[in-house]
Amino acid sequence: MEINIKKYIKEALNSLYSVDTTNIDVAVEKTKEGINGDFTVVVFAFSKFSKKSPADTAKDLGAFIKQKYDDVSSYNVINGFLNFRMTNEYWIDRLNSLNLNNKKSEEFDKETIMVEFSSPNTNKPLHLGHIRNNILGDSVSRILKASGNHVIKTNLINDRGIHICKSMLAWMKWGNGETPETSGKKGDKLVGDYYVKFEAEYKKQIEELIKAGQTETQAKANAEIILEAHEILRKWENGDEEIRKTWRMMNSWVYKGFEQTYSDLGISFDKVYYESNTYLLGKDIVKQGLENEIFVRDEDSSVWIDLTDEGLDRKILLRSDGTTVYMTQDIGTAIKRIEEFNPSKIIYVVGNEQDYHFAVLKKIISKINKSYSDVIEHLSYGMVELPEGKMKSREGKVVDADDLMSDMIETARNISNEAGKIHDLEDDEKEKIIRMIALGALKYFIIKVDPKKQIIFNPKESIDFNGNTGPFIQYTHARIKSILRNAEKMNIKFHGKASEEADIVDLEIELISHLCTFEKLIQESANRLDPSLIANYTYALTKLFNQYYHEHSILKETESKTLQLRLLLAQTVAQTIKSAMDLLGIEVPEIM
RNA sequence: GGUCUAGUAGCUCAGCUGGAUAGAGCAACGGCCUUCUAAGCCGUAGGUCUCAGGUUCGAAUCCUGACUAGAUCACCA
């Protein structure tokens with residue numbers, strides 16, 4: 001759209017001042033509120049070509065363009081800014097073209113991009129921090145897909161390690177064979193409870209040892225219960241069948257619980273990896289790296305990479321006993337994925353506490369193979385914290401994902417009952433809408449903030465359903481749908497196209513102008529891996545429509561061309577809201 | 001101490017690669033339902049954009065340096 005204006009300006013610069021415009025970037029913006037115009041060109045930079053003041057330059061350019069192009073209806077110059085007003089026909093044409101087949105068919109499966117997110121540990125249930133991770137990963141995947149890429153959503157489940165051994169040990173000690181069936185507890189919750197039990201006992205033992213004169217470090221290493229946990233880990237690694245059986249059983253409980261939470265959240269994956277299958281990967285690569293002298297072996301036979309030249313540190317890749325560390329596994333998995341899928345990017349949605357880890361991983365991968373340098377990308381997001389600080393699973397101080405969702409559903413139900421607009425629906429329909437609203441409120445609340453910023457969540461302050469929220473946007477969608485239904489009931493024949501002769505008001509131009517930027521915004525949001533741009537865009541669109549809705553009746557419009565224009569505009573807004581919210585993983589109702 | 005990230009209204013956040021008088025929501029106060037869904041709309045009030053320099057026609061935005069907060073720098077993941 002504003003590409004036209006750019007073209008015009010370049011042409012004018014060339015004709016008027018003989019400027020070679022190939023490398024000139026023309027800044028075209030939406031005209032600020034309160035100033036007459038649709039597009040604004042910043043002309044300060046062109047003074048050097050015209051050898052005139054910005055204001056005179058702007059006048060030259062404006063006159064030239066107004067005279068030559070008939071989609072420009074007028075121009076004015078204020079403070080050296082050149083403002084153009086486009087004709088009504090121009091805007092109506094824009095609206096019509098938004099409704100043509102705007103499928104960018106040539107942009108399909110441009111690149112293969114792998115997005116890894118969620119990646120939970122299996123010793124505890126998911127909490128609000130995981131929710132942020134999941135909806136970020138899910139939304140980014142949707143946005144990358146919408147911008148024309150082939151996306152593979154993947155989850156690497158951390159199903160082995162000391163953490164799950166802790167839960168197992170506590171269960172073996174104090175569980176009396178308790179299962180999700182006998183206790184009626186969700187599987188992940190049950191296993192999480194034993195993790196908390198372990199940590200409580202561990203803490204007690206540490207305190208006792210400190211009282212007996214040990215230092216904290218000593219106490220942490222010597223507590224009997226942690227030694228037992230390490231023993232279980234050793235047995236696990238040696239394939240002890242009894243331990244493996246318990247491990248499989250408890251993990252299966254957890255998976256069932258996770259499945260439920262993922263399904264409630266509307267999250268799914270294309271490919272799931274288990275760390276118990278991948279943790280040994282990477283050893284061979286490290287060996288090769290040793291031969292190629294990318295890595296070094298210390299005297300105690302541990303293997304390292306030295307990144308001090310790159311502003312990073314030395315990082316261990318294999319322990320002196322030859323066992324792998326987290327990094328080894330990540331190297332192996334990354335290389336395996338690259339070889340298997342040949343993705344142009346693997347995006348890791350992981351909290352910013354692991355910035356350093358991924359900086360190192362990226363360096364290592366590019367040292368292994370230069371052509372892989374740009375594959376690894378870390379989508380680092382800020383932690384979700386409570387007013388009193390970090391959430392701590394081991395102390396049970398977390399905002400549980402399932403609890404939060406059911407609280408939200410409860411609130412949504414109350415608000416909906418009060419409004420009474422969906423009373424007539426069948427119970428299951430009602431329930432579906434209530435869940436949609438609850439999830440919409442929760443997801444929007446999180447996704448609207450810039451991923452890299454930390455979120456402090458105060459459980460005492462409930463998540464809003466009014467203002468800049470998911471439900472507000474959903475509500476506007478339902479409102480528009482209601483208008484379109486009423487139009488049908490009134491036997492208004494809707495053409496799906498607007499006449500260029502229709503009347504058009506300022507708010508309509510603003511709406512159309514906003515709608516026109518959606519496609520570009522998806523690209524930008526994909527480039528920046530930032531769904532919050534979509535959220536803010538949608539809110540602005542919705543806000544604008546509600547204003548319009550209030551000031552101009554659609555169905556009472558008697559002039560048929562204007563009525564058609566308004567119906568088309570309303571429908572386009574509804575569609576755009578729906579697709580935008582879909583990119584955030586939020587559904588919108590027809591009625592609410 | 002090194003590195004990274006953030007600091008905008010009482011609170012939660014927008015503000016794109018520098019552009020005109022810094023915007024929303026929540027909370028407060030005042031209006032608007034015989035009119036397409038009031039989960040809405042309009043208005044009032046609320047700001048030294050952490051501070052100090054610099055770059056330039058022009059800085060919340062870019063650079064440098066302070067200050068504050070968080071993260072990270074393990075033979076943990």
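These figures come from a predicted structure and were not determined experimentally. Chain letters run A, B, ... following the sequence lines, proteins first, then strands; residues in each count from 1.
A/N83 comes within 4.0 angstrom of a nucleotide base, judged by non-hydrogen atoms across all strands. Among the atoms of the strands shown, base atoms are found under 4.0 Å from some heavy atom of A/H552. Nucleic acid contact class of A/T40 (heavy atoms, under 4.0 Å, all strands): base. At a threshold of 4.0 angstrom between heavy atoms, the contacts of A/I78 include nucleobase atoms, whether or not backbone atoms are also involved.
Atom P of nucleotide B/rC13 and atom CZ of A/R132 are separated by 9 Å, given to the nearest angstrom. Here the P atom of nucleotide B/rG19 and the NZ atom of A/K32 are 9 Å apart, to the nearest Å. The distance from atom OH of A/Y537 to atom C1' of B/rC16 is 15 Å, rounded to the nearest whole Å. Across the protein-nucleic acid pair, A/F44 atom CZ and B/rG19 atom P stand 12 Å apart, rounded to whole Å. Atom pair A/K30:NZ and B/rG15:P shows a separation of 16 Å (rounding to whole Å applied). Rounded to whole angstrom, the span from the CG atom of A/L82 across to the P atom of B/rG19 amounts to 17 Å. One atom, CG of A/L386, and another, P of B/rG70, lie 15 Å apart when rounded to the nearest Å. We find that CZ of A/F84 is positioned 18 Å from P of B/rA20, with the value rounded to whole Å.
Of the residues in residues 442-451 of chain A, those with a non-hydrogen atom less than 4.0 angstrom from any atom of RNA chain B are A/V449, A/D450.
Atom C1' of B/rC13 sits at a distance of 23 Å from the matching atom of B/rC29, rounded to the whole Å. Nucleotides B/rU56 and B/rC62 have their C1' atoms positioned 11 Å apart, rounded to a whole Å. Of the C1' atoms belonging to B/rC42 and B/rA59, the separation is 34 Å, rounded to the nearest Å. Distance check on atom C1': B/rG23 versus B/rG1 gives 40 Å, rounded to whole Å. Spacing of P atoms, B/rU17 relative to B/rC63, comes out at 11 Å, to the nearest Å. Rounded to a whole angstrom, the distance from the P atom of B/rU68 to that of B/rA28 is 35 Å. Nucleotides B/rC73 and B/rG15 place their P atoms 30 Å apart, quoted to the nearest Å. For the P atoms, the distance from B/rG46 to B/rA9 is 15 Å, rounded to whole Å.
Environment of NZ in A/K430: crowded, with over 12 heavy atoms of neighbouring residues, nucleotides or ligands closer than 6.0 Å. Atom CZ of A/R413 sits in a crowded spot, with more than 12 heavy atoms from other residues, nucleotides or ligands closer than 6.0 Å.
Here the side chain of A/T328 pairs a donor or acceptor atom with the backbone of A/V325 at under 3.5 angstrom. No donor-acceptor distance shorter than 3.5 angstrom exists from the side chain of A/S302 to the backbone of A/D298, with no hydrogens or angles considered. Within the 3.5 Å criterion, the main-chain N or O of A/V349 finds a donor-acceptor partner in the side chain of A/N133. A/S301 contributes no side-chain N or O that, together with a main-chain N or O of A/R297, makes up a donor-acceptor pair within less than 3.5 Å.
Between A/Y279 and A/W236, a ring centre-to-centre spacing shorter than 6.0 Å is recorded. Ring centroid separation for the pair A/F81 and A/F44 comes in under the 6.0 Å cut-off. In this structure, A/Y539 has its ring center at least 6.0 angstrom away from the ring center of A/Y444.
Shown here, B/rC13 forms a base pair with B/rG23; the pair counts as Watson-Crick or G-U wobble because both key distances fall under 3.5 Å. Pair assignment for B/rA38 gives none, since no Watson-Crick or G-U wobble pairing has each distance under 3.5 Å. Searching all strands for a Watson-Crick or G-U wobble partner of B/rA6 with both distances below 3.5 Å returns B/rU68. Pair check for B/rA60 finds none; no Watson-Crick or G-U wobble contact set falls under 3.5 Å. B/rG18 makes up no base pair with any nucleotide shown, lacking Watson-Crick or G-U wobble contacts both under 3.5 Å. Pairing partner, B/rG1: B/rC73, with both Watson-Crick or wobble hydrogen-bond distances short of 3.5 Å. Across every strand in view, B/rG46 sits unpaired, with no contact that passes the Watson-Crick or G-U test at under 3.5 angstrom.
Phosphate contact (OP1/OP2 of B/rA14, side-chain N/O of A/K453, threshold under 4.0 Å): present.
Comparing A/S302 and A/V42 along RNA chain B, the residue whose closest nucleotide (by nearest heavy atom) sits nearer the 5' end is A/V42. Comparing A/H163 and A/Y548, the nucleotide of RNA chain B nearest to each residue sits closer to the 5' end for A/Y548.
Below 30°, between 30° and 60°, or above 60°: for A/F49 and A/F46 the angle between ring planes is below 30°, a parallel geometry. Using a 30° and 60° split on the angle between ring planes, A/F84 and A/Y75 fall in the tilted class, from 30° to 60°. Using cut-offs of 30° and 60° on the angle between ring planes, the pair A/F445 and A/F457 is perpendicular.
Nearest heavy-atom pair across A/Y195 and A/K166 is CE1-CD, 3.9 Å.
For the residue pair A/T40 / A/T31, a side-chain donor-acceptor distance below 3.5 Å is found, with atom types taken as modelled.
With its glycosidic angle more than 90° from 0, B/rC16 is assigned anti.
The listed nucleotides are B/rG19, B/rA20, B/rA6; the one nearest the side chain of A/T31 is B/rA20. Among the nucleotides B/rA6, B/rU21, B/rA77, the one closest to any side-chain atom of A/K452 is B/rA6.
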Strictly under 3.5 Å: I want the nitrogen or oxygen pairs between protein and nucleotides 71-73 of chain B, one per line.
from: B/rA71; atom 1: O2'; to: A/N352; atom 2: O; distance (Å): 3.4
from: B/rC73; atom 1: O2'; to: A/D313; atom 2: OD2; distance (Å): 2.5

Inset, instruction - For each nucleotide in nucleotides 37-47 of chain B, reading 5' to 3', give B when a protein heavy atom comes within less than 4.0 Å of its base, S when such contact involves only the sugar-phosphate, and - otherwise. - result: BSBSSS-----

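Contact check on A/E587 versus A/K432 returns no salt bridge, with no Lys/Arg side-chain nitrogen under 4.0 Å from an Asp/Glu carboxylate oxygen.
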